[in-house]
Amino acid sequence: MRYTRLTEPLVRDHGELRTATWEEALDRAAEGFRRNVEAHGPDAFGMFSCSRATNEMNYVAQKFVRQVIGTNNIDSCNRT
């Protein structure tokens, strides 16, 4: 089986995936984060970071979770 690399985002409408713009896909992701944090509180959100990512990317991830989402629920596999 050969896999095709995704070059554009996909969004789900009524159970079906369709091509979307990057702006629409990012807006949907942000809306999902916002909706769940409003409904269940910031501690319902968690992020897992990766030791293979750069220090800068891990720093941005922890800043996002702590400052934007408002929780300390972030962990990484740096100890492995």
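Count residues from 1 along the sequence. In what follows, every heavy atom counts, from backbone to side chain, and hydrogens, waters and symmetry copies are set aside.
By the side-chain hydrogen bond (donor to acceptor under 3.5 Å, both in side chains) test, Asn36 is found to be paired with no residue, residues two or more places apart in sequence or in another chain being considered. Residues satisfying the side-chain contact (heavy atoms from CB on, under 4.5 Å) test with Glu31, not counting sequence neighbours, are Arg34, Arg35. In this structure Thr71 satisfies the side-chain hydrogen bond (donor to acceptor under 3.5 Å, both in side chains) test together with Asp43, Asn73, sequence neighbours excluded. Every residue meeting the side-chain hydrogen bond (donor to acceptor under 3.5 Å, both in side chains) condition with Asp13, not counting sequence neighbours, appears here in chain and number order: Arg18, Arg28. Tyr59 meets the ring pair (Phe, Tyr, Trp, His ring centres under 6.0 Å) test with no other residue; sequence neighbours excluded. Listed by chain and residue number, Leu10 satisfy the side-chain contact (heavy atoms from CB on, under 4.5 Å) test with Leu6 (two or more places apart in sequence, or in another chain). The side-chain hydrogen bond (donor to acceptor under 3.5 Å, both in side chains) check on Asp27 picks up nothing, with sequence neighbours excluded.
Counting all heavy atoms, side chain and backbone alike, Ala25 lies closest to Pro9 at CB-CB, 3.6 Å. Among all heavy-atom pairs drawn from Asn72 and Arg66, the shortest one is OD1-NE, 3.2 Å.
Under a 4.5 Å side-chain heavy-atom cut-off, the cluster of Ile, Leu, Val, Met, Phe, Trp and Tyr residues that includes Met57 has no other member. Clustering of Ile, Leu, Val, Met, Phe, Trp and Tyr side chains at separations under 4.5 Å leaves Val11 isolated, with no partner residue.
Rounded to the nearest 0.5 Å, atoms CG (Leu17) and CZ (Arg12) are 4.0 Å apart. One finds the CD atom of Glu8 at 4.5 Å from the OG1 atom of Thr19 (value rounded to the nearest 0.5 Å).
Residues in residues 16-38 take part in these ring-ring contact (aromatic ring centres under 6.0 Å, His included) pairs, two or more places apart or across chains: Phe33-Phe45. Applying the salt bridge (charged side-chain N to carboxylate O under 4.0 Å, His left out) definition to pairs two or more places apart or across chains, none involves residues 53-63.
In the displayed structure, Glu38 atom CD is contacted under 6.0 Å by more than 12 heavy atoms of other residues, nucleotides or ligands.
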